[in-house]
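Here the structure is laid out as structure tokens; the discussion comes afterwards.
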Amino acid sequence: MCEEPLSHRPLLLPQDLRGRLYDGFIRAQEKDFRIRVILPADLQLQNARLECSWQLKKVLHGYVHVVKQRLQQSQNLGSFMMELKTILDAALKSTNSIEASPAPQYYSSLVKDIETLGWDKLLFVDNEFSTIKLKMEDSSGRDHVVVVRLGAGYPYKAPDCCVDLPVAFSISWTPQTNIQDIYNQVLSTLESLKGFWDTLDEIDTKTWVLEPEKPTRSATMRRIAIGNNVSITIDLDPRHPNMLPECYFLGADHVVQPLKDKLNSNVHLWDPDVGLLQNLKDILEIDFPSKSDLKKSVSFGSCHLYSWFNFSPSL
């Protein structure tokens, strides 16, 4: 028979020389509760008195008769405390299960919210109605998916929202907030990133993007082919997509060095009112080839000598 780990045993310490008063803690379900045991003059456990915190009293409400029974049947204080821990574990699990169950109005409230939003915007809902996926389209026609994880406390407690964005996102929530409000807040954030995605869409369409092969909406980086065995990696600021991004060159020294020089000498020509791709063309004095312009057999980054150059715009 395995012994109970010491960390799981109730911790009681004698408070007097006669061994009548014990004070300490009992732990269950990762929670600690204060408890005191007072034995009678004859030290008979069956007639002991228990004192505990209001939190423990609340959890054990409804289990008093079981505790009294265990007190009568236990051989000693140690065995009783282990019995009490078992009772407390069961009581806490039952309490947690009740708290985790949604109130009846949870479902009616959620269905009403979805009806207000429109069932056509609902992409997925699980059997428990605890996770829903909403589909939305921004003003440029891009499709987006929002995953909303609802707790039993909805709508009084804010749900968790997950959406593929290059910036941090959190919803503003009050008990009066609903699914429609979540949808509107996400849509507002999507529109604020329109310029960022427009810029990347232009790059993806008009150049040969080497990395990432399948960019997500949260990706801020692109590695673009410039010519045989040379490429540039740019990392955009989502909030300021037309500003000069961080630039990294990869290629042989004799090819990269002229590009470094042009970037340094022409950086003052950068115009935020002009698109990022056009600015790069003007400053580097190049045209970005498309994938069809370059032989597919060329392996970028395969030369023996590389030159990494990082250009970060000064703030």
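Both L150 and F129 are part of a single hydrophobic cluster, where members link through side-chain heavy atoms under 4.5 Å apart. Following chains of ILVMFWY side-chain contacts shorter than 4.5 Å, one can reach L110 starting from W119, so the two form part of one hydrophobic cluster.
Atom CG of L250 sits about 5.0 Å away from atom CZ of R223, to the nearest 0.5 Å. For the atom pair CD1 (I26) and CG (D32), the distance works out to 10.0 Å, reported to the nearest 0.5 Å. Residue I224 holds its CD1 atom at 4.5 Å from CD1 of I203, rounded to the nearest 0.5 Å. Separating the CZ atom in R149 from the CG atom in D126 is a distance of 10.0 Å, to the nearest 0.5 Å. To the nearest 0.5 Å, atoms OH (Y183) and CE (M136) are separated by 4.5 Å.
Counted by atom type alone, D181 and Q185 present zero donor-acceptor pairs between their side chains at under 3.5 Å. Between the side chains of N76 and S79, at least one donor-acceptor pair of N or O atoms lies under 3.5 Å.
Every residue meeting the side-chain hydrogen bond (donor to acceptor under 3.5 Å, both in side chains) condition with T220, not counting sequence neighbours, appears here in chain and number order: D235. Under the rule for a side chain to side chain contact (heavy atoms under 4.5 Å, CB included), the partners of L50 that lie at least two apart in sequence or sit in another chain are V37, V67, F80. Annotation: side-chain hydrogen bond (donor to acceptor under 3.5 Å, both in side chains) contacts of K194 (sequence neighbours excluded): D198.
Of all heavy-atom pairs spanning F249 and L284, the tightest one is CZ-CD2, 3.9 Å. Of all heavy-atom pairs between L236 and P241, the closest is CD2-O, 4.1 Å. Heavy-atom minimum distance, S192 versus R239: OG-NH1, 3.0 Å.
Contact of the W173 side chain with the I182 side chain is registered, since non-hydrogen atoms from C-beta on lie closer than 4.5 Å.
Salt bridge D120/K135: absent, no basic N to carboxylate O contact under 4.0 Å. With respect to the salt-bridge test (charged N to carboxylate O, under 4.0 angstrom), the residues R217 and D201 qualify.
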